[in-house]
Amino acid sequence: MDSIRQKIVDAVGIRLATITITNGYQTDIGKSVFEWRATPFSPADLPAITYREELQVIAEQAFGVHSVDMDVSIDVYESSGAQTLKNIRMVIADIYKAVGVDETWGNLALLTIPSEDRMDIDHMVNIIGGATVNLKIRYSTRKWDPYTGI
Amino acid sequence: MTLETSADIAAYFDTSSGFAVSTLYIGNNVSKNIPVIIGDTYEDVSVGGGVQVEGHAIEVLVRRDDVSTIKHGETLTIDETVYKVINIRKDSERALTTLIISED
């Protein structure tokens with residue numbers, strides 16, 4: 001049995017993979033999605049996105065409920081020459097649009113809150129750009145029972 | 001103190017027996033072949049995310065007199081790839097200039 005956390009993270013990956021031009025988005029970034037990737041990208045691998053959940057803040061509510069705020073970071077990587085920055089902005093917009101399809105991730109969460117996004121760029125033999133989109137996903141479980149959502 | 005003699009530099013930049021290759025330099029009202037010594041350095045690139053990207057920087061060493069008026073955005077063609085000059089470092093000690101070049 002998977003925990004609610006695991007189910008939400010799985011849902012995030014599945015949702016990000018739907019970001020294709022065929023599905024009505026501006027980019028095909030959904031074709032290159034990685035969970036918690038640790039190995040470096042080659043520029044030839046790009047564009048790509050990775051996603052990871054790092055911090056969970058858990059608060060005990062009344063009536064035996066744990067309320068959880070899970071921070072999810074979605075990282076964007078691009079190397080498209082002069083189009084790099086524009087493409088990054090398009091991917092950021094696509095990510096927000098994809099989250100908005102169902103911010104409860106199939107009724108696993110109460111809601112999703114956009115926190116911030118940030119862009120960066122480096123210019124070596126190629127322009128390599130990136131961005132991070134931070135989200136907060138709020139869900140609740142029974143007290144000391146991460147497998148049972150409420 | 002001069003680090004190398006002019007004869008040393010001439011030997012380094014000899015395209016037949018030294019370290020240099022002939023490269024097409026196109027600048028403002030300039031189009032000529034010049035000898036350059038190419039260095040390619042690996043660097044991890046971090047652009048904010050949790051994963052690094054394998055990057056590399058290409059530096060070319062040229063004789064200052066060959067590129068005395070060089071500016072950012074002018075080009076060098078190496079192995080049929082056109083690179084723009086994005087950084088110019090003049091070395092007054094050795095009458096040499098180091099150029100950082102980019103495909104983008």
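Within a 6.0 Å sphere centred on CZ of R118(A), other residues, nucleotides and ligands contribute 12 heavy atoms or fewer. Dense packing is recorded around OH of Y96(A), with more than 12 heavy atoms of other residues, nucleotides or ligands lying under 6.0 Å away. Sparse packing is recorded around CG of D79(B), with 12 or fewer heavy atoms of other residues, nucleotides or ligands lying under 6.0 Å away. At most 12 heavy atoms of other shown residues, nucleotides or ligands fall within 6.0 angstrom of atom NZ in K86(A).
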What do the steps show when you test M124(A) against S102(B) for side chain to side chain contact (heavy atoms under 4.5 Å, CB included), and what is the final call? CA-CA 6 Å; M124(A) 303 180 73; S102(B) 170; over 6 Å; no
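With respect to chain B, the highest number of heavy-atom pairs below 4.5 Å among P40(A), A38(A), S80(A), S79(A) belongs to P40(A). The candidate from G55(B), A57(B), G48(B), G50(B) with the greatest count of non-hydrogen atom pairs under 4.5 Å with chain A is G50(B). With chain B as partner, the option from V125(A), I74(A), D75(A) having the largest number of non-hydrogen pairs under 4.5 angstrom is V125(A).
Under a 3.5 Å cut-off, the side chain of D104(B) and the backbone N or O of I127(A) do form a donor-acceptor pair.
Hydrophobic clustering, with ILVMFWY side chains joined whenever heavy atoms are under 4.5 angstrom apart, keeps V91(A) apart from F34(A). Following chains of ILVMFWY side-chain contacts shorter than 4.5 Å, one cannot reach I38(B) starting from L24(B), and the two form parts of different hydrophobic clusters. Follow the hydrophobic side-chain contacts under 4.5 Å out from I88(A) and you never reach I128(A); the two are in separate clusters. In terms of hydrophobic clustering, with Ile, Leu, Val, Met, Phe, Trp and Tyr side chains grouped at heavy-atom distances under 4.5 Å, I88(B) and I58(B) are assigned to a common cluster. When the side chains of ILVMFWY residues are joined at heavy-atom separations under 4.5 Å, either directly or via intervening members, L108(A) and V9(A) end up in a single hydrophobic cluster.
To the nearest 0.5 Å, atom OG of residue S46(B) and atom CG of residue D122(A) are 9.0 Å apart. With values rounded to the nearest 0.5 angstrom, T39(A) atom OG1 is found 11.0 Å from Q52(B) atom CD.
Residues of residues 44-72 of chain A that come closer than 4.5 Å to chain B, counting heavy atoms only, are L46(A), T50(A), R52(A), ordered by residue number.
Heavy-atom distances place no part of S73(A) under 4.5 Å from chain B, backbone and side chain included. Looking at I121(A), the atoms closer than 4.5 Å to chain B (heavy atoms on both sides) all sit in the backbone: N, CA, C or O. Both the backbone and the side chain of S42(A) come within less than 4.5 Å of a heavy atom of chain B. In this structure, chain A has a heavy atom under 4.5 Å from the side chain of I86(B), while its backbone stays farther away.
Residue pairs meeting the salt bridge (Lys or Arg N to Asp or Glu O under 4.0 Å) criterion with at least one partner in residues 20-29 of chain A, sequence neighbours excluded, are D28(A)-K31(A).
Shortest non-hydrogen contact noted between V51(B) and Y77(A) is N-OH, 2.9 Å.
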